[in-house]
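Naming convention: chains lettered A, B, ... in sequence-line order (proteins, then strands); numbering from 1 in each chain.
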Amino acid sequence: MNTNNSNNKEVLLQIKDLHIDGFSDNKWHDIIKGVDLTLHKGEVLGLIGESGAGKSTLGLAAMGFARPGCRLKSGSIVFDGQELMGMKERNKRELWGTRIAYVAQSAAAAFNPAFRLMDQTIESGVRSNTMSEADAKKDARDLFEALQLPDPQNIGDRYPHQVSGGQLQRVMTAMAMSSRPDLIIFDEPTTALDVTTQVNVLAAIRKVVRQFNTAAIYITHDLAVVAQMADVIKVLRYGETMEEADTRKMLSHPEHPYTKSLWAVRSIEKTPEPKTENVLEIKNVTAAYGRGENVLHDVSINLPRGRTVAIVGESGSGKSTAARVVTGLLPPSQGSVLFNGEALPAKLSGRSVDQLRRIQMIYQSADTAMNPRHKVRDIIGRPLAFYHDVSGAELDKRVEELLNMIELDASYMDRFPGELSGGQKQRICIARAIAADPEVVICDEVTSALDQIVQEGILKLLLKLQKELNISYLFITHDIATVKAISDEIVVMYQGKVVEQGVKADIFSPPYPEYTELLLASVPEMDPDWLDKVLDADKIPLDAS
Amino acid sequence: MHPIISTVLKRLGLGLLTLFFVSIIIFSSVEMLPGDFGESVLGQAATEETVAAFRKELGLDKPAYQRYFDWIGAVAKGDLGTSFSGRAASGVDRSRRVVDLVVPRLKNTLFLAVMAAVIAVPLSLILGITAALFRNSFYDRSVNAFTLISISLPDFFVAYLLILFFASLKVLEPFGIVFPSLANISADMPLGERLFKSALPALTLTLVIVAHMMRMTRAAIINLLASPYIEMARLKGISKFKVIVHHALPNAWAPIVNVIAFNLAYLVVGVVIVEVVFVYPGIGQLMVDAVSTRDIPVVQACALIFAATYILLNLLADVVSIASNPRLLHPR
């Protein structure tokens, strides 16, 4: 796929000087500002950029589709000789699903919960009368098999909620493939998946795309992923092309300063500091939700004062449940949580205000963790008033100090969360946590929803605050690069158990326990040959997940 | 056992429990009614002894809790008791069993309710779906405005308007249709005549309940149109109409069915005013008459039937919403 022989191939899609407007705040803004794009038959173009760069908008425009609230303003989109700009939707529908297909980011949300997978997979093929229902079903089963789905003969009879996220994403690829389109738009197809699942999906997608010589636009914000998939990479920012080049050239010699900055982001790495006395000890904790099965099995984790312990694991490994036990939201069925050597009451309601103050939380989604009707002053001021009983001018002074600590100025005091960027919102959440003057802060995937450049800023801020205030972080994440950046010690969790724990250097050097090895081997690298190497080395069981 | 069946049984049990508590409330409210059947029948001239004897005959001299248990015990065995009226002091007992009073009236009410529902439910679903399909168009706005007006007008007013146009001014006379203003149907009428006589009350009820159901259908569908799987369906090239009917509607049943159940319950328990306007012999009229004559067994029976209707229809709505959720219907 990384062999580029596009010069002697036919052009499939030609976008010229495309402008797209989006409607917000009662006026039209330009989202895509004159982008050109050329895609040849059988070629894969990687489209990368941060959120808000216009990647998805551009990807959908390649189908002649604009989301509600957007409009294709000017330019031309020629697909296989047909101008999509200004074409009637009725005519565009004849292309959609049959000649151009779309694979959405969240398969779990993009499948209709009310229908069996098979019915949704063959919908396009049957609709376009290209094949009979029986043929389409047979073909779909073959595709399921090619995509290494378990039980390909029967998986189509299941409902979307009955299969895992990684499987759904592959079924969606089968759905896009079922009518053998000339072009597939992949819109961040692996972003919502765990790394160990992601490898399987990437390998499966690449296999079928090559097999049927399908052209694709592969949208992602992850450079390492796009390096595996694309022949050509196009970097997008604020709706404009920054740079476009062959994958290998782009990776080895990025030219535009913005591209270079993207490439350099993941370089922070904390130097681990010596161990101190434990501020928090999770001792042999077993916990379950309601009367369900145990989600945590005999978990013990120690957090030294002023240090960061990163808990890594996939979704469902029990990371967040461990955090809920520490905060008292979920009393454990066995075991206890010690704070400064003393057992904390298991239930939230049993803890004193001072005990509550010492443990604070920062959440993944800053958007939903703040009341949208409260101003920044109220959001940060609330813990100050609640825990420290300050008010009036003193409260304002403290809020201003906290804003300075998170590198924002006093002018932000009267803003609502809706008037802040994603990174600023997360900073406000950090300020709210440290306003309580805590000893332990639990960070639950705090950088996962942010762009890489913004992530870097947040991680640096957290490190700075740790130095100044001697706070301990229990840092929950699924991202290995983030772990390298922030942690002193690491806990690897899998299926509710602690697989491995120790200082960073030990965890990241062999010998590894089986699961740690799988986890580390699954993290994509910036090498275009990485996926081939991993698949050749046979380290990853392909039918897993 | 399939989880759906156990859920249904659980709901059914809860429904019976609710009905039991409601029966206590009904009994206590009737107890609190001012006045006394004995006095209201025998008149002010009756001596205290006569009244006491009469009360004793009706069992009104026993303590309230005992009367409650006598009543609820009999109801549990299917016996709604005997009406108070007709037991005049003449000595001849011409009283009738409550069942004989209630059942014909209930049949009439159900006839009217079914007739209105058969018109209103499909109508509001079609209006809701098409309004969602052409949302913000002139059609959508007109449908919204019209249904909003029809729900805002009091039901007796709608009823008199219909009488004015279709019975008095006879606007359909050129087509040979003049609806009667009185819907005094009886059991021995042929079906066609009953339908014809009930047309205006059924139309009134339809106008009153269509708005609620139609607006909920529209809102539930539009709410889903922003879902990624709807966008996915569109990008698979499926037509707008099929996207709404095939992809959105199956996921929108839960809220729609709840509103339908609520309105069907209204058709049984809330129609008394419409019955009065059209002199329709339904159960609502029976209950109002029974309250004014202090005919306690009839009042209690009617109230219990109303409560059971509410509970049963809501139970049905719950079951349909559960059954329309594939996560519950097809567990992992």
Would you call A/E123 and B/K242 a salt bridge, using N to O less than 4.0 angstrom? no
Is the number of heavy atoms from other residues, nucleotides or ligands under 6.0 Å of B/F262 CZ greater than 12? no
Heavy-atom pairs under 4.5 Å with chain B, option from A/W96, A/F111, A/F65 with the top count: A/W96
Would you say that A/L60 contacts B/L235 through its side chain, given a criterion of any heavy-atom pair below 4.5 Å between the two side chains? yes
For the pair A/H161 (side chain) and B/H330 (backbone), establish whether a donor and an acceptor sit closer than 3.5 Å, ignoring hydrogens and angles. yes
Tell me the closest heavy-atom pair linking A/A114 and B/P326, and the distance in Å. CA-CG, 3.9 Å
Who wins among B/S227, B/S239, B/P250 for the most heavy-atom pairs under 4.5 Å with chain A? B/S239
Sort B/S324 into side chain, backbone, both or neither according to what part of it lies under 4.5 angstrom from a heavy atom of chain A. neither
Using the six-membered ring wherever Trp is involved, compare the ring planes of A/F115 and B/H247 and label them parallel, tilted or perpendicular (cut-offs 30° and 60°). perpendicular
Got A/P113 and B/R327 here, is their nearest side-chain heavy-atom distance under 4.5 Å? no
Could you check if a side-chain atom of A/E89 sits within less than 4.5 angstrom of a side-chain atom of B/R234, using non-hydrogen atoms only? yes
At a heavy-atom separation under 4.5 Å, does A/R99 approach chain B through its side chain, its backbone, both, or neither? neither
Count the heavy atoms of every other residue, nucleotide or ligand shown that sit under 6.0 Å from OH of B/Y68, and state whether that count exceeds 12. yes
Looking at B/F69, I want to see if its CZ is surrounded by more than 12 non-hydrogen atoms of other residues, nucleotides or ligands under 6.0 Å. no
Which residue out of A/A109, A/A104, A/A101 racks up the most heavy-atom pairs below 4.5 Å with chain B? A/A109
Is there a donor-acceptor contact under 3.5 Å from the side chain of B/K236 to the main chain of A/Q120? yes
Chain B contact via A/R67 - which portion, at a heavy-atom distance below 4.5 Å: side chain
Give, as side chain, backbone, both or neither, the part of B/I238 having an atom under 4.5 angstrom from any heavy atom of chain A. both
Need one label for A/Y102: side chain, backbone, both or neither, based on atoms under 4.5 Å from any heavy atom in chain B. both
Mark yes when over 12 heavy atoms from residues, nucleotides or ligands other than B/K240 sit less than 6.0 Å from its NZ; otherwise mark no. no
Side chain A/N112, main chain B/Y229, donor-acceptor under 3.5 Å: no
So for atom OH, which belongs to B/Y139, do other residues, nucleotides or ligands contribute more than 12 heavy atoms lying within a distance under 6.0 Å? yes
Enter the distance from A/D187:CG to B/M232:CE here, rounded to the nearest 0.5 Å. 10.5 Å
